[in-house]
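Structure record follows, encoded as structure tokens.
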Amino acid sequence: MALGAGEHRNGEGTRWMRGAFATFYMVLAVTNYLMLDGYARIATTLLAALTAALLAVATVPLPARWGRPAWTDHLGYVPVLGGVAQVAISRESHYTTTLMITLVGVAVAVRRRRTFVAATVLGCLGWVAAVIGEPALRGDDLGYWAVQLFIAALVAAILHEALRRRERELRIARDEISAVADRFGSLFHASPSGVAIADERNVIVAANQAFCDLVGRTEQDLIGSSSEPFAGGASPLPERRFERPDGTVRWVWSSVGRSSSWVLIQLQDVTDRRLAEAAVRDSDRLLAAVSAAARRIRTGEDARSTIIGAVRELAEADSVSLMEPARSRELVVTGALGAQVLGTRIPLDGTSMTARVFTGGEPVFLADATRDPRVSPALLALVDGRSMMWQPVIADGAVLAVLVVGWSRRVDSVSDHRARAVAMLADETALALEHERLLRRLEQMAFTDTLTGLPNRRAWQERLATLFTRGRPLVVAIVDLDRFKRYNDTHGHLAGDELLQRAALAFAAELGGDDMIARWGGEEFVIALPSCSGLSAFDLLERVRLATPEAETCSIGYAVWDGEESAESLLERADEALYAAKNNGRNLVHAAPEPAALRS
């Protein structure tokens, strides 16, 4: 209820009091209608309802530019007159309670002292006039109600004065705060450092010109936006990289002060110092990365992750991928950082930029790869790339792989240290890949029979040990070419070697993907059939026997693992079965009997 000069400063509290008074008089109207009768019912009900309606209308907030209507200054008289009328019309003294409550309410709602005093005096005099004019009110309890009304008026006066003093103190405090805010505003806007203020929701509410210049945005753009990009987010480092909307990059030293209601963000431009320090560090970082890659190469480790990580750091890239050729005329991603592209394949016979660089051997950089039709849109989507660089990995004049470097932002050009870093690390990548291939070849030679190309006895033993740990059914067979010595003596050792090679190919062709065949020595081969039963093993080994080339024959003995015996015992039973096949006329498959432990 806007009854005083403090409407705009105390608008919310005043409207709340209006609403409370309106509710009180509405309840009073209903009570009068139910409790009274005759003329008193009609008159008091209408008067209470009218008072509630006026108070409710005054509750509606108005725009500040409209000002305060003059009639609201005097609205405080209405409930007082209503309280007096309630006593006079009802001719019952206990309705003095309504007038007492009204006086206390007016003390809270009215801000002007003159209006409050006039309304209080009017209410008391009106009550006295009602008592004088209506004999029914001059009962035995008249003195009681007079004292109660006086006390209510006194309490209302004390309450009204206390509220006025409180408002005056608040006004003085607001003025002091306003003066401090003005001084802070002067310092805020004159500060050479970028300063911004955000509220408890991390929404920027103020930013000085230095802040706007540093981040490359206007104050209108910043107000209402999130402060997270400038407050550091989850990064614990005060110094960080910041990209402006125009694509330029600045390095800033950020400090953030937080309270329950405000966030103060200060940004200091340290780009020049950062660039100077970076120029000194680049050479050290490049040498360190190359040295780390070289150490890993010498120790025989996979240097891909080290080189890819070094390229990403030194080139300040968002993603780096290493693509190597596969047997199927494709390039496959064998290492990656910053993008989920491991295992991605690109055809070598296509027109993609990666295939062009691999076949041409020349590096390519595109500031905006999205505009070049030679760049696969699918690749750009996978690496979230905008600027891209393709660096071939070359050794002895042959391209071994391609390093694909991507930036999600636009990079107008690769600086000298970036290009030099990628090129030097590409050379290290070439050394690493050659070293890896050499190690792989040596390892393959250590586990491969040089004549037949099959795994040798060492590889067989490691594979068999792995199969034993799985605990699944297993069949082991030994294959021996019949009368091989006579074949050697008749056709010569070269022909014998050729027979062993063709037999190895023919036997391997009959086996499945999980099966293994190895050369055991001389004209003997060993076969492992995982997850295979005795009956199915016999059928498979029978096909192996029939596959013997050049009308030659072979004998096969096999044993089914019982799940407990050792590898030596299993091979010994298979060997005994082989001798049984030889003794029974050769050119047949013979199964070893169950171990003695199972027969008993």
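Nothing fancy with the numbering, it's 1 onward along the sequence.
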_Would the distance check show the side chain of R345 and the main-chain N or O of V332 forming a donor-acceptor pair, the cut-off being under 3.5 Å?_
no

_Whether the side chain of R217 engages the backbone of D221 through a donor-acceptor N/O pair (distance < 3.5 Å, no angle test) should be reported._
yes

*Search all heavy atoms of A317 against all heavy atoms of G406 and return the closest pair with its distance.*
CB-O, 3.5 Å

*Keeping to residues at least two apart or across chains, list the salt bridge (Lys or Arg N to Asp or Glu O under 4.0 Å) pairs with something in residues 529-549.*
E510-R543, E542-R545

*Sub-3.5 Å donor-acceptor pair from the side chain of D514 to the main-chain atoms of P530, do we have one?*
no

*Is the shortest heavy-atom distance from the side chain of M353 to the side chain of L366 under 4.5 Å?*
yes

_Residue pairs fulfilling salt bridge (Lys or Arg N to Asp or Glu O under 4.0 Å) with at least one residue in residues 489-498, sequence neighbours excluded_ = K485-D489, E498-R502

*Hey, is the main chain of Y487 close enough, under 3.5 Å, to the side chain of T490 for a donor-acceptor pair?*
no

*Please name the pair of heavy atoms, one in K582 and one in L481, separated by the smallest distance, quoted to 0.1 Å.*
NZ-O, 3.8 Å

*Does NZ or CZ of R457 lie under 6.0 Å from the centre of the six-membered ring of W520, at an angle within 45° of the ring axis?*
yes

*Hey, does the side chain of T448 reach the backbone of T450 with a donor-acceptor pair shorter than 3.5 angstrom?*
no

*Distance-minimising heavy-atom pair for P325 and L400*: CD-O, 3.0 Å

_Nearest heavy-atom neighbours spanning A547 and A506_ = O-CB, 3.4 Å

*Considering only heavy atoms from C-beta outward, does the side chain of V393 approach that of V402 to under 4.5 Å?*
no

*Test item: S555 side-chain N/O and N587 main-chain N/O as donor-acceptor pair under 3.5 Å*: yes

*Indicate yes or no for a side-chain donor-acceptor contact from R573 to the backbone of E576 under 3.5 Å, with no hydrogens or angles considered.*
no

*Identify the heavy atoms of V341 and A336 that sit nearest to each other, and give their distance.*
CG2-CB, 3.6 Å

*Using 4.0 Å as the upper bound for N to carboxylate O, is an ion pair formed by R409 and D318?*
yes

_What verdict does the side-chain hydrogen bond (donor to acceptor under 3.5 Å, both in side chains) test give for S569 and S566, after you've listed the backbone C-alpha separation in whole Å, the side-chain angles of each residue and the deciding distance to 0.1 Å?_
CA-CA 5 Å; S569 175; S566 64; 4.8 Å; no

*Are the side chain of T271 and the backbone of W251 linked by a donor-acceptor contact shorter than 3.5 Å?*
yes

*asked:* Does F365 form a ring-ring contact (aromatic ring centres under 6.0 Å, His included) with W390? I'd like the steps, not just the answer.
replied: CA-CA 6 Å; F365 170 76; W390 291 261; 8.9 Å; no

_Under a 3.5 Å cutoff, is there a donor and acceptor pairing between the side chains of S226 and N202?_
no

*Would you name the heavy atoms of I346 and S352 that are closest together and state the gap between them?*
CG2-OG, 3.3 Å

*asked:* Strictly distance-based, threshold 3.5 Å: is any side-chain N or O of D575 a donor or acceptor partner for the main-chain N or O of L571?
replied: no

*Just wondering, do V263 and I197 contact through their side chains at under 4.5 Å, heavy atoms?*
no

_Tell me whether the count of non-hydrogen atoms from other residues, nucleotides or ligands lying under 6.0 Å of CD in E243 goes above 12._
yes

